[in-house]
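Please read the structure below before turning to the comments.
Residue numbers start from 1 in every chain, and the chains themselves are labelled A, B, ... in the order their sequence lines are given, proteins ahead of strands.
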There are 2 protein chains.
Amino acid sequence: MAVLTRKQREVRDRESRILDVACEMLIEHGYHGLSMDRIAEVLEYSKGTMYQHFSCKEEIILALANASLTDRLALFRRAAAFPGRPRERIVAVGVASEFFVRLYPHHFRLEQVLRLSSVWEKTSPERRQFMHHCESQCVGCVSGIVRDAMASGDLTLPDGATPEQLVFGLWSMSFGAQTILASSTSLVDIGIGEPHRALALNQARLLDGYHWRPLSTEFDYEVTAERIATEWSADETKPADSQITSGDSTKTILSTKPTSASAT
Amino acid sequence: MAVLTRKQREVRDRESRILDVACEMLIEHGYHGLSMDRIAEVLEYSKGTMYQHFSCKEEIILALANASLTDRLALFRRAAAFPGRPRERIVAVGVASEFFVRLYPHHFRLEQVLRLSSVWEKTSPERRQFMHHCESQCVGCVSGIVRDAMASGDLTLPDGATPEQLVFGLWSMSFGAQTILASSTSLVDIGIGEPHRALALNQARLLDGYHWRPLSTEFDYEVTAERIATEWSADETKPADSQITSGDSTKTILSTKPTSASAT
DNA sequence: TCATTTTTTGACAAGTCGTCAATTTCAGTA
DNA sequence: TACTGAAATTGACGACTTGTCAAAAAATGA
């Protein structure tokens with residue numbers, strides 16, 4: 001038994017196969033379409049074996065979410081390390097966010113399910129904590145940029161305001177927009193043609209409202225965003241890969257700049 | 001049979017009782033705690049009778065959401081009619097939003113469930129359309145204020161930007177904040193102490209970013225907000241009523257300014 | 001009073017999730 | 001190679017869903 005016995009490797013592989021199948025089911029048939037029986041059937045194992053990996057259905061969902069969140073954190077960290085003025089780094093985070101959505105088109109649906117208290121409560125403390133960890137690390141990542149901006153004099157927060165408050169503004173706007181986007185078919189009817197652009201624009205306006213220099217009226221951040229996007233896209237070995245996450249495409253993004261995301 | 005037979009009235013009453021019980025169950029035990037059998041049991045009717053009112057569980061949830069949304073629209077309309085400069089009217093909408101959250105603390109949990117495609121798809125087109133109606137009316141209500149501001153010269157949108165885009169910014173930020181708030185227990189850990197204030201502040205900053213005059217640095221909108229809040233609170237006959245919606249408290253808010261919300 | 005229509009009922013089918021005793025497979029030893 | 005004790009796997013099972021529908025009960029009208 002060098003490091004892992006054959007058996008252990010087998011179990012490990014099975015776990016990831018369970019997640020793959022579960023992910024596909026969730027994407028294809030939504031929350032109600034995810035059934036332990038059906039996963040077992042597809043993988044040709046008995047249901048009992050499934051429960052040896054995950055104590056309940058909800059654990060699978062949280063495991064899937066945690067997988068995406070790990071990658072998001074990596075993307076955010078990479079963005080935060082972007083060389084440039086703080087506000088450009090924030091733009092990089094925005095690009096990271098967009099990348100994330102493209103990499104995991106299903107993520108927000110997962111998170112939506114998870115935020116239902118009756119689902120959340122069934123999950124294990126360990127996995128819950130890991131999710132919180134990712135979340136607060138992401139916030140910390142961005143608030144770090146805010147602090148840098150304050151240190152360099154680009155930004156002065158009003159009395160009583162904290163960097164985290166500003167980050168909460170970006171976060172809630174982004175989260176809200178993505179959730180609405182993922183679940184609403186008829187935004188166009190309402191008059192919102194390009195929601196993604198609208199989001200980016202509104203984020204910029206929010207920062208302008210905080211007088212974060214250089215303002216979006218003084219500097220063309222769309223150019224920056226595009227530059228970052230092309231730069232990052234070039235890193236991907238297979239840019240035209242299937243949109244639906246298949247474990248591999250994840251690795252391509254991640255491997256470009258390994259950031260130790262040790263946790264839990 | 002003057003207008004409604006006794007029987008018809010009886011059925012009508014039962015429908016609202018079903019909704020009452022369902023609402024309580026949802027608040028108390030979450031989505032999974034809502035069961036048709038249990039509703040029937042509580043009301044001492046058979047399950048079959050439940051299905052004569054609502055074709056499925058999801059319809060009940062959507063009916064509950066539509067009830068809240070009707071009231072929200074009324075609140076928004078009232079806010080939009082606030083006498084003052086457009087940006088003050090936007091502040092009034094913000095206050096309306098807060099009122100709404102206080103009146104229906106459970107609403108965002110409902111909406112979260114509804115936005116799950118697998119739930120949404122089971123609902124009837126009629127109710128779906130009604131919800132869309134409320135949604136677009138709310139957006140229209142606010143974008144109307146934006147247009148007024150443009151007409152009066154208080155606001156000039158950048159090229160290519162539409163009033164709806166701005167509204168989308170407010171909407172997504174508010175929706176995101178409320179959803180995060182309703183589902184996350186540990187925002188304080190992350191560093192966001194007063195999320196409600198943070199939301200209001202960020203909304204103001206967003207509008208500042210659009211240069212919507214008077215800016216929040218030139219005019220104290222918090223005073224305006226407080227004035228509106230006290231004014232509205234005074235209208236309520238029973239301000240210290242139970243927070244949990246019980247049909248009655250709704251009416252008190254609504255009756256202050258009847259706005260015909262005909263639809264479907 | 002009785003026939004017709006409407007409403008109500010609850011047993012039922014089909015589907016969940018999670019458990020656990022019994023079986024099979026595996027790993028180390030003689 | 002044969003055997004034995006530990007570990008993994010199985011699938012029938014209980015308890016719970018939702019939604020249906022023939023039959024029973026109630027309401028209506030003549």
Side-chain angles (χ1 to χ4, degrees), chain A residues 1-18 21-22 25-26 28-64 113-114 116 118-124 127, chain B residues 1-15 17-18 21-22 25-26 28-64 113-114 116-124 127:
Chain A
M1 54 172 91
V3 226
L4 249 63
T5 69
R6 187 177 61 77
K7 191 78 198 172
Q8 282 176 308
R9 253 179 299 129
E10 219 172 285
V11 168
R12 218 184 165 69
D13 286 357
R14 194 170 48 204
E15 188 144 323
S16 85
R17 255 183 303 148
I18 292 175
V21 170
M25 275 186 184
L26 267 167
E28 205 73 26
H29 308 286
Y31 174 62
H32 282 127
L34 180 68
S35 126
M36 297 301 263
D37 293 77
R38 281 179 56 212
I39 296 173
E41 199 184 345
V42 169
L43 293 177
E44 290 179 293
Y45 281 103
S46 80
K47 195 161 44 161
T49 306
M50 301 294 106
Y51 280 92
Q52 207 136 30
H53 290 271
F54 300 96
S55 66
C56 64
K57 194 177 150 175
E58 284 71 19
E59 281 282 286
I60 296 184
I61 299 173
L62 183 49
L64 282 172
V113 175
L114 277 174
L116 297 177
S118 57
V119 170
W120 184 249
E121 283 160 5
K122 295 189 71 180
T123 57
S124 70
R127 280 212 171 80
Chain B
M1 52 174 91
V3 226
L4 251 62
T5 70
R6 186 177 60 77
K7 191 78 197 173
Q8 281 176 310
R9 251 178 300 132
E10 218 174 285
V11 168
R12 216 182 166 71
D13 287 357
R14 193 168 51 202
E15 187 144 324
R17 256 182 304 150
I18 293 175
V21 171
M25 275 186 184
L26 267 169
E28 207 72 25
H29 308 287
Y31 174 62
H32 283 127
L34 179 68
S35 124
M36 297 300 262
D37 293 81
R38 281 179 54 213
I39 297 173
E41 199 182 346
V42 169
L43 292 178
E44 291 180 292
Y45 281 102
S46 79
K47 193 162 45 159
T49 306
M50 300 295 106
Y51 279 93
Q52 205 137 30
H53 289 271
F54 301 97
S55 65
C56 64
K57 193 176 148 173
E58 283 71 20
E59 280 282 286
I60 295 184
I61 299 172
L62 183 47
L64 282 171
V113 175
L114 277 174
L116 298 176
S117 54
S118 56
V119 170
W120 182 250
E121 282 160 6
K122 294 190 72 180
T123 57
S124 69
R127 281 212 172 77

Using a cutoff of under 3.5 Å, can you pull out all pairs of nitrogen or oxygen atoms linking the protein to nucleotides 16-18 of chain C, with atom names and distances?
unit_1	atom_1	unit_2	atom_2	d
C/dC17	OP1	A/Met36	N	3.3
C/dC17	OP2	A/Met36	N	3.3
C/dC17	OP2	A/Asp37	OD1	3.0
C/dG18	OP1	A/Lys122	NZ	2.7
C/dG18	OP2	A/Tyr51	OH	2.8
C/dG18	OP2	A/Lys57	N	3.2
C/dG18	N7	A/Lys47	NZ	3.2
C/dG18	O6	A/Lys47	NZ	2.5

State, yes or no, whether a side-chain contact exists between B/His53 and B/Val11 at a heavy-atom distance under 4.5 Å. yes
Check the distance between D/dG19's P and B/Tyr45's OH and give it to me in whole angstrom. 21 Å
Run the side chain to side chain donor-acceptor pair (under 3.5 Å) test against A/Glu121 and tell me which residues pass, sequence neighbours left out. none
Whole-Å distance between C/dT9 P and B/His53 NE2? 10 Å
Between D/dG19 (C1') and B/Glu59 (CD): distance, integer Å: 14 Å
Looking at side-chain heavy atoms only, is the closest gap between A/Leu34 and A/Ile61 below 4.5 Å? yes
According to salt bridge (Lys or Arg N to Asp or Glu O under 4.0 Å), does anything in residues 43-63 of chain A pair up with another residue at least two apart or in another chain? List the pairs. A/Asp37-A/Lys47, A/Glu58-A/Lys122, A/Glu59-A/Arg127
Is the closest side-chain heavy-atom distance between A/Arg38 and A/His29 below 4.5 Å? yes
Report yes if the side chains of A/Val119 and B/Tyr31 come closer than 4.5 Å at any heavy-atom pair, otherwise no. no
Within-4.5 Å side-chain heavy-atom neighbours: A/Leu62 and A/Trp120: yes
Residues at least two apart in sequence or cross-chain that pass side chain to side chain donor-acceptor pair (under 3.5 Å) with B/Glu41, listed by chain then number, are none
Heavy-atom side-chain contact between B/Met36 and B/Ile60 under 4.5 Å: yes
When you measure from the side-chain N and O atoms of A/Thr49 to the phosphate of D/dT10, is any distance below 4.0 Å, counting only OP1 and OP2? yes
Could you give the CD1-to-P distance, from B/Ile60 to D/dT17, as a whole number of Å? 14 Å
Can you check the B/Phe54 CZ to D/dT18 C1' distance for me, whole Å? 16 Å
Let me know the distance between CE of A/Met50 and C1' of C/dC20, rounded to the nearest Å. 17 Å
Detail all sub-3.5 Å separations between protein N/O atoms and N/O atoms belonging to nucleotides 21-24 of chain D.
none

Check the distance between C/dT9's P and B/Leu43's CG and give it to me in whole angstrom. 11 Å
